[in-house]
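The block underneath contains the structure these notes are about, expressed in structure tokens.
Since the model is a prediction, treat every value here as computed from it, not as a measurement. Lettering of chains follows the sequences in order, A, B, ..., and the numbering in each one begins at 1.
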Amino acid sequence: MHDKYTPRDIEQKHYDRWRHLGCFAPAGEGPAYCIMIPPPNVTGTLHMGHAFQDTIMDALTRYHRMRGHKTLWQYGTDHAGIATQMVVERQLNAQGKTRHDLGRDAFEKAVWEWKAQSGGAISSQLAALGGSVDWETERFTMDAELSSAVTRVFVDLYREGLIYRGKRLVNWDPVLLTALSDLEVLSEEENGHLWQFAYPLSDGSGEMVVATTRPETMLGDTAVAVNPDDERYQHLIGKTIDLPLTNRAIPVIADDYVDPEFGTGCVKITPAHDFNDYDIGQRHNLPVINILNPDATLNEAVPSDFQGLDRYDARKKVVADFDALGLLRGIDDHRLMVPRGDRSQAVVEPYLTDQWYVKIEPLAKPAIAAVKNGDIRFVPENWSKTYYEWMHNIQDWCISRQLWWGHRIPAWYDGDGNIFVGNDEADVRAHYALADDITLERDNDVLDTWFSSGLWPFSTLGWPEQTERLATFYPTSVLVTGFDIIFFWVARMIMLGLKFAGDVPFREVYIHGLIRDQDGQKMSKSKGNVLDPLDLINGIDLDGLLEKRLTGLMQPHLAPKIEAATRKQFPDGIPEFGCDALRFTFATLATTGRDIRFELGRIEGNRNFCNKLWNAARFVRLSTSDAVAATPTPSTADRWIRSRLNATTADVHRHFEQYRLDLAAQALYDFVWHAYCDWYLELAKATLNDEAGSDGARAAAQQTLVDVLDAVLRLLHPLMPFITEEIWLSYGPQANDDTATLMTAAFPDSEAANDDPAAEADIEWLQSFTLGVRQIRGEMDISPGKPVPVILGNTANDDRDRLKRLGRLLSRVARIESIDEIADQDLSMAATAFVGELKLLVPLAGLIDIDAERARLARQRDKSAADLAKVQGKLANDKFVANAPADVVSKERERLDSLEKAVADLDEQIARLG
RNA sequence: GGGCGAUUAGCUCAGGGGUAGAGCGCCACGUUGACAUCGUGGAGGUCGGUGGUUCGAAACCACCAUCGCCCACCA
């Protein structure tokens, strides 16, 4: 061990060694424990959210591995259809090419090449984070085995009637030129207008005024609807209007959907370009006139002077034409929800196309039941409500995408458009008994990425083969993920897992919060507030950080603002904190809330904690290098720290089982810093350096120092794998064992035999005594090194007994010169402190600042008096005495006693000071 | 419109029917042989508001306020 804690010297070497030793593969003899990594985008990099999530998964994995479970953290990546295709297309665009220049096969090849080139980034980042995934069984959603699982599921669902192809309105992205599922469309309120158009009645008897936010769609109107009960329009139902700008007459129909209160109570109906209108059209057998091309320009179904116009240009022209015709009745500002594609940000069009759908209700029912009956448990529990909310309103899932990158749909068409679904063309021909001379053409579309992600928990384990891995690890133990993909991913895994793997995909779903910046803002490139986990581990100078944040900005005009904010927040860049500090920080942030603010102060504090542990370990090494050869005789302090350790161990187990890594981290931080370092190390020093002490006591202290350190390292290892391994390998038998590693050492269990309430009470007494002396010392400006005499008042037999047993230790720790019970001097010149009722007096004739001491005592007195008043009030209340539990009442009585004495003692002491 | 969550010390957050907590920050003191990435002491809160349940509420319930998130077809 070096004198100084420098994370970069100790981290990566251990990771390489673990890999070399094969520690990441499932090995334990115990029950299986498995976590599936939510597969990151293969061409992406890990951001803070990933690092946070990976830390949680790794901590859980390491915890169970150390407990001897047969533990698998399944790693792999996702092909991420649209996202990846966009990245590669952007690269092509930069070279002045499009994917169409390459053609489908060459484009796919280019994506595979990009994957090979960039796919390693995530792996090395995960390694830098200490992630103990099983590298040997890494999977990719487009691997041959996983792809054949996808095909198998598609074919089975199709043959069971749960997948169908249909012409319907879908969410169409006119930039990416593909259909999207409902989930991939994000609607936001934007400023727009509400136009009022007059539609003349065909019989010349007047006009109907309709309101619309989308004027251009009137070219596809096939009806005007009113509410059947709306008396204003009763007489018009069944008549027709002459649709301006077109040569069409369209009917006036009645439908409950229309709200008579809104606008004029007349609604234009465009079945081809609005989901509601489509439904109304179906109900009334209206024609469906599609007026758009796939890129949202107007097609040949509209008058020639509109053909080829972009939808927004067409909008302007429609409005202008209405105005020219004298049919424009008004333009109002209007807030409306605008649907945009989550990837392209393009305004999505409802568009009539042939797509593939999963009939979802038969799959959703058992998936709802699985959560309801407890087969799957959400943690925290309330997320199950979100899950139910969506599952009860779930719509059929559009799974086809007009992309080139992804799993191609296993459907073939003959010349007549008949559909044949099968594992491959040969399977199709066999299954449908098709003659050899029939030519088949394969569907061009690929599947939604989430279709393959939904199979992840079993496809990675070998399904549909009944492999040993599948039998061992399915259902997996827990899914660790963010609430943002409960619908996208969690729900679909549950549905598909139940359907195809015959059981739930995981027993528990641990939903964690989303990492935000110190101001609660989402971290994003365009906001310029992104932190790279690796920069927190390794540190980065200001220039490097600026370069990262400012290059490749989509909106370069934001650069000056981002630069200024970055310079202000990180004037000296980011210092090196190390992986362990980052992980420990993530653990402390893993609370039950939904948003998590990441502040540099937290990680700095935890880096200091690493340093503390490091130095404590150095101290242990130094003080145990010369082993005292004697039979250990454990002291009260030894028994105390073991008892505290035992309680901490139990806490850590409980917190891990309940996914409260924040509490586990806090319990360990508190024990290591405030019990072990602050107190036990000081007590041990007193014992080891006490020339009058026994060898047995020294041997016991040495033993305890090492034993507790050893346990602490094990307990901390799941959260801080590197520093614990480094320290652990530096002493004891494992130091000389080339194959030893803390990774597979046993995680401590708490044992009732180690509980020692008597020792805890003794040391608590010693601590209060010491605290009292320190308070006096601190307030009276007495130098910490100067031993002080202490005179006792109100001494009880317990105190005398403890003084006899612990007095020597106490004197050394608290630097007390002498302890006397008899006051044979003038105590008015003394500072006072209380240990319960025991009164400590430090005579300080000539040294004491009377005013300061009086003020200090008065503060204490006031506080005690206030507490006393409360307790008196309680005990004076008959109902309290009658109804409160007996132990609460007696506790209050005891408190009353001691507070009364404390106030009296303080009054007396204040009086004595004059 | 429906659903969910938050409101506790200057900041970031734990906690939870019976004495209000941590980290960071702040003030004072300190070169005590593990650690100044430290030590010792200290200041700082009527736990968003109102009402209810209870012997007792910061905690449980209702309502309100403020903030945030998710879902939803009002032209």
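- Between the C1' atom of C13(B) and the CG atom of Asp662(A) lies a distance of 10 Å, rounded to the nearest Å.
- Across all strands shown, Tyr257(A) has heavy atoms under 4.0 Å from base atoms, whether or not it also approaches the sugar-phosphate.
- Within 4.0 Å (heavy atoms only), Phe275(A) reaches no atom of the nucleic acid at all.
- Computed from coordinates, the Arg777(A) CZ to G30(B) P distance equals 14 Å when rounded to whole Å.
- Considering only side-chain N and O atoms, Lys385(A) lies under 4.0 angstrom from the phosphate OP1 or OP2 of C4(B).
- Within 3.5 Å, no donor on the side chain of Arg774(A) pairs with an acceptor on the base of U40(B), nor the reverse.
- Note on Asn883(A): a side-chain N or O is less than 4.0 Å away from OP1 or OP2 of C55(B).
- Looking at heavy-atom distances under 4.0 Å, Ile596(A) makes no contact with the nucleic acid at all.
- Nucleotide C4(B) is matched to G68(B) when pairs are restricted to Watson-Crick or G-U wobble geometry with both distances under 3.5 angstrom.
- Between Lys891(A) and G18(B) there is no side-chain N or O to OP1 or OP2 distance below 4.0 Å.
- Note on Trp390(A): every side-chain N or O is 4.0 Å or more away from OP1 and OP2 of C4(B).
- Neither OP1 nor OP2 of G56(B) sits under 4.0 Å from any side-chain N or O of Lys870(A).
- The six-membered or imidazole ring of Trp383(A) lies away from that of Phe378(A), with a centre-to-centre distance of 6.0 Å or more.
- When rounded to the nearest whole Å, the span between NZ of Lys268(A) and P of C73(B) equals 18 Å.
- Counting to the nearest Å, the C1' atom of G3(B) and the OH atom of Tyr387(A) are 17 Å from each other.
- The aromatic rings of Phe586(A) and Phe52(A) sit tilted, their planes meeting at an angle between 30° and 60°.
- Taking side-chain N and O atoms only, Gln775(A) has a distance below 4.0 Å to OP1 or OP2 of G42(B).
- Considering only side-chain N and O atoms, His674(A) lies nowhere under 4.0 angstrom from the phosphate OP1 or OP2 of G21(B).
- Within 3.5 Å, no donor on the side chain of Arg597(A) pairs with an acceptor on the base of U12(B), nor the reverse.
- Pairing partner, G23(B): C11(B), with both Watson-Crick or wobble hydrogen-bond distances short of 3.5 Å.
- The pair Arg340(A)-Glu190(A) meets the salt-bridge criterion, since a charged nitrogen lies less than 4.0 angstrom from a carboxylate oxygen.
- Base pairing annotation: C38(B) forms a Watson-Crick or G-U wobble pair with G30(B), both donor-acceptor distances under 3.5 Å.
- As rounded to whole Å, 17 Å separates atom P of U37(B) from atom CH2 of Trp614(A).
- Searching all strands for a Watson-Crick or G-U wobble partner of G17(B) with both distances below 3.5 Å returns nothing.
- As judged by a 4.0 angstrom heavy-atom cut-off over every strand, Leu663(A) is placed among residues touching the sugar-phosphate backbone only.
- Atom C1' of nucleotide A34(B) and atom CH2 of Trp673(A) are separated by 12 Å, given to the nearest angstrom.
- Rounded to a whole Å, the CZ atom of Phe487(A) is 12 Å from the C1' atom of A72(B).
- Rounded to whole Å, the C1' atom of C11(B) lies 12 Å from the corresponding atom of C26(B).
- When the P atom of C70(B) is taken as reference, atom CG of Asp342(A) falls 13 Å away, rounded to whole Å.
- Separating the C1' atom of G23(B) from that of A9(B) is a span of 12 Å, rounded to the nearest Å.
- Applying the 4.0 Å criterion to OP1 and OP2 of C38(B), one finds that Asn608(A) has a side-chain N or O inside that range.
- Looking at heavy-atom distances under 4.0 Å, Thr591(A) makes contact with sugar-phosphate atoms alone, never a base.
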